[in-house]
Amino acid sequence: QVHLVESGGGLVQAGKSLRLSCAASGSILSVNAMGWYRGKQRDLVATITSGGSTNYADPVKGRFTISRDNAKNTVYLQMDSLKPEDTAVYYCNADITVEAGLGGEYEHNYWGQGTQVTVSS
């Protein structure tokens, strides 16, 4: 069983910063691409590969920074210069390789439970 647990959401004023964390735990062989999404449609916010290559949605470029600690199977989202339109539930996502039966392995996509970010004007 694999779990993604997010933390760091909350209520902040516009212009302030928040840092989200998401830790993967369980029977993990490797954590591959990780990312953050937001809202009911789970719109892309940012992704990062296991090698550190990043991708950002246009609305957050220059304000948000995604990073990861591979030793801790954790991904972070540093959110600066927050705007009211950044208000949403933020979801962590990860492609994780787990053990299959008979010594095999397979990659599966996992979602966290979501963490609320509210930015007041």
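- Rounded to the nearest 0.5 angstrom, Leu82 CG and Phe64 CZ are separated by 5.0 Å.
- A single hydrophobic cluster is not seen to contain both Leu4 and Tyr76; linkage of ILVMFWY side chains at heavy-atom distances under 4.5 Å, directly or through other members, places them apart.
- Salt bridge status for Arg63 with Asp86: present, with a side-chain N to carboxylate O gap under 4.0 Å.
- Residue-environment remark: CD (Glu85) exceeds the threshold of 12 foreign heavy atoms within 6.0 Å.
- In this view, Lys40 satisfies the side chain to side chain donor-acceptor pair (under 3.5 Å) rule with no residue, not counting sequence neighbours.
- Between Asp58 and Lys61 there is a salt bridge, with a side-chain nitrogen of the basic residue lying less than 4.0 Å from a carboxylate oxygen of the acidic one.
- Residues forming a side chain to side chain donor-acceptor pair (under 3.5 Å) with Arg19 (at least two apart in sequence, or on another chain): none.
- Applying the side-chain contact (heavy atoms from CB on, under 4.5 Å) rule to Thr65 yields the partners Tyr56, Gln78; only residues at least two apart in sequence or on another chain are considered.
- Judged by distance alone, the side chain of Asn32 and the main-chain N or O of Thr49 form no donor-acceptor pair under 3.5 Å.
- Heavy atoms only, all atoms of each residue included: Ser17 and Asp80 are closest at OG-OD1, 2.7 Å.
- We find the CD1-CZ distance between Ile48 and Arg68 to be 6.0 Å, quoted to the nearest 0.5 Å.
- For Val89, the side-chain contact (heavy atoms from CB on, under 4.5 Å) criterion is met by Tyr91, Gln116, not counting sequence neighbours.
- Both Val31 and Leu77 are assigned to one and the same hydrophobic cluster, defined by single-linkage of ILVMFWY side chains at heavy-atom distances under 4.5 Å.
- By the 4.5 Å side-chain criterion applied to Ile, Leu, Val, Met, Phe, Trp and Tyr, Val5 is assigned to no cluster and stands alone.
- Contact detail for Met79 and Tyr90: the closest heavy-atom pair is SD-CE2, 3.9 Å.
- Between Leu29 and Glu99, the closest side-chain pair of non-hydrogen atoms falls below 4.5 Å.
- Under the side chain to side chain donor-acceptor pair (under 3.5 Å) criterion, Asn93 pairs with Asn109, sequence neighbours left out.
- In plain terms, the two heavy atoms of Cys92 and Val75 that are nearest each other are SG-CG1, 3.8 Å.
- A cation-pi arrangement is not found for Arg42 relative to Trp36, the charged atom failing to lie both closer than 6.0 Å to the ring centre and inside a 45° cone about the ring normal.
- The CD atom of Glu6 sits 12.0 Å away from atom OG1 of Thr74, with the distance rounded to the nearest 0.5 Å.
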